[in-house]
Amino acid sequence: MVSRNGARLKVWFFNLYNNYKHLLILLYFFVYLAWFGYVEKTVTTHFHVIHVALDDYIPFCEYFVIPYFLWFAYVAWGIVYMALHNKSDYYKLCAFLFTGMTIFLMISTLYPNGHFLRPTYFTHHNLCTMLCEFLYSSDTATNLFPSIHVYNSIGIHLAVAHNEQLRKNKTVQMLSFLLMVSIILATMFLKQHSVFDVCTAFLLAYVMYRVVYRHKWSKVSTAQKSRGNVSVE
């Protein structure tokens, strides 16, 4: 009886691993968080200041803190949905996100950067300003570009737009687009990022979009296999 139960348990674990082994690449987040924590602690005072003239014309608006924090749920939902419903889209999304996040970490390490855009005080107080105070205290105004909030938001929406099931749902498409735009605007209206950070995130997203979604990897793989099967007589 014991050996039979052990065999069943072994089969259950094997099936569980076989069905969800693609989730193992999410262990990258441990690497990212450790690396990001390191640069957050080391880049504090001596850094290159990020600033463009347009930054001075964008007012602070605390209400954008709501979509800013919704970013965490948005990214988590996008990854989980793709992981459970379409492995191909999941791998593409992870390739898009993780490559960009690694490039961001490399830039932050090799080119320490920060800004002085945040307001020194709030002229009034409400729930949103309290959330902003929490945000400012937990996230330093360093390690800015390309903005990961912007880059990952674009990545999630691209995955939604390319998913066979979700692209048929106009409501989900619209909500995803509106949330993406709101998050992008939030990075600037909360003075979390410079316009420069947003623009560089768009630039990197465009490059990765061409690599991940536009490049015909399947055709390249098929062509390589065909050449490999050709025999020389």
Side-chain angles (χ1 to χ4, degrees), residues 20-29 31-32 35-36 52 67 70-108 110-111 144-188 193-230:
Y20 297 103
K21 60 184 177 181
H22 58 290
L23 298 180
L24 290 175
I25 60 176
L26 296 181
L27 293 174
Y28 168 83
F29 280 108
V31 176
Y32 175 82
W35 193 346
F36 181 73
V52 295
L70 284 176
W71 174 83
F72 295 96
Y74 183 48
V75 172
W77 167 79
I79 293 174
V80 170
Y81 182 90
M82 299 305 162
L84 298 180
H85 293 86
N86 192 306
K87 289 184 181 180
S88 176
D89 288 345
Y90 164 74
Y91 285 126
K92 288 179 180 179
L93 176 59
C94 287
F96 186 99
L97 298 182
F98 297 169
T99 302
M101 292 163 71
T102 302
I103 292 173
F104 158 76
L105 290 172
M106 293 174 63
I107 293 174
S108 298
L110 300 175
Y111 187 80
L144 303 172
F145 80 94
S147 168
I148 291 302
H149 253 67
V150 172
Y151 178 82
N152 281 6
S153 297
I154 296 173
I156 295 298
H157 183 67
L158 286 174
V160 170
H162 285 80
N163 180 264
E164 186 175 353
Q165 295 300 320
L166 293 181
R167 66 185 177 190
K168 298 176 183 178
N169 192 322
K170 300 301 181 181
T171 301
V172 172
Q173 291 287 320
M174 181 59 67
L175 290 175
S176 176
F177 177 77
L178 291 176
L179 184 54
M180 176 191 69
V181 172
S182 298
I183 292 170
I184 293 172
L185 293 175
T187 63
M188 294 177 285
H193 286 281
S194 164
V195 173
F196 177 80
D197 310 328
V198 175
C199 291
T200 51
F202 268 95
L203 178 61
L204 180 58
Y206 173 77
V207 173
M208 289 306 302
Y209 168 73
R210 300 292 302 182
V211 172
V212 174
Y213 290 101
R214 301 300 295 175
H215 190 79
K216 303 299 183 182
W217 293 104
S218 58
K219 291 185 178 180
V220 173
S221 178
T222 302
Q224 289 176 343
K225 290 181 180 180
S226 298
R227 287 196 296 268
N229 292 332
V230 175

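In this chain, residues are counted from 1 in sequence order.
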Side-chain contact, heavy-atom cut-off 4.5 Å: [X] with [Y]?
{"X": "His162", "Y": "Tyr209", "answer": "yes"}
{"X": "Thr187", "Y": "Asp197", "answer": "no"}
{"X": "Tyr90", "Y": "Leu84", "answer": "no"}
{"X": "Phe36", "Y": "Met101", "answer": "no"}
{"X": "Ile107", "Y": "Pro146", "answer": "yes"}
{"X": "Leu26", "Y": "Phe98", "answer": "yes"}
{"X": "Leu27", "Y": "Tyr32", "answer": "no"}
{"X": "Phe202", "Y": "Ile184", "answer": "yes"}

Can you name the closest pair of heavy atoms from [X] and [Y] and give their distance?
{"X": "Ser153", "Y": "Trp71", "value": "OG-CD1, 3.1 Å"}
{"X": "Ile148", "Y": "Gly100", "value": "CD1-O, 4.2 Å"}
{"X": "Ser194", "Y": "Val52", "value": "OG-CG2, 3.8 Å"}

Point-to-point distance, once rounded to the nearest 0.5 Å, from [atom1] of [X] to [atom2] of [Y]:
{"X": "Asp89", "Y": "Leu158", "atom1": "CG", "atom2": "CG", "answer": "11.5 Å"}
{"X": "Met82", "Y": "Gln165", "atom1": "CE", "atom2": "CD", "answer": "10.5 Å"}
{"X": "Ser176", "Y": "Ile156", "atom1": "OG", "atom2": "CD1", "answer": "8.0 Å"}
{"X": "Met208", "Y": "Ile154", "atom1": "CE", "atom2": "CD1", "answer": "12.5 Å"}
{"X": "Lys87", "Y": "Leu23", "atom1": "NZ", "atom2": "CG", "answer": "8.5 Å"}

[X] side chain to [Y] main-chain N or O, any donor-acceptor pair under 3.5 Å?
{"X": "His193", "Y": "Leu144", "answer": "yes"}
{"X": "Tyr74", "Y": "Pro67", "answer": "no"}
{"X": "Gln173", "Y": "Val160", "answer": "yes"}
{"X": "Asn163", "Y": "Leu166", "answer": "yes"}

Is it the case that atom OH in Tyr111 sees more than 12 heavy atoms from other parts of the structure closer than 6.0 Å?
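Yes, enclosed.
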Would you say that more than 12 heavy atoms from the other residues, nucleotides or ligands in this model lie under 6.0 Å from the OH of Tyr28, or not?
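More than 12 heavy atoms, drawn from other residues, nucleotides or ligands, come within 6.0 Å of this atom.
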Would you call the rings of Tyr213 and Phe96 parallel, tilted or perpendicular if under 30° counts as parallel and over 60° as perpendicular?
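The arrangement is tilted - the two ring planes meet at 30° to 60°.
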Could you walk me through whether Leu97 and Phe29 pass the side-chain contact (heavy atoms from CB on, under 4.5 Å) check?
CA-CA 11 Å; Leu97 298 182; Phe29 280 108; 5.5 Å; no
Derivation and outcome, side-chain contact (heavy atoms from CB on, under 4.5 Å), residues Leu204 and Thr200
CA-CA 6 Å; Leu204 180 58; Thr200 51; over 6 Å; no
Evaluate Phe145 against Phe104 for side-chain contact (heavy atoms from CB on, under 4.5 Å), listing each step before the verdict.
CA-CA 7 Å; Phe145 80 94; Phe104 158 76; over 6 Å; no
Trace of the side-chain contact (heavy atoms from CB on, under 4.5 Å) decision for Leu179 with His157
CA-CA 9 Å; Leu179 184 54; His157 183 67; over 6 Å; no
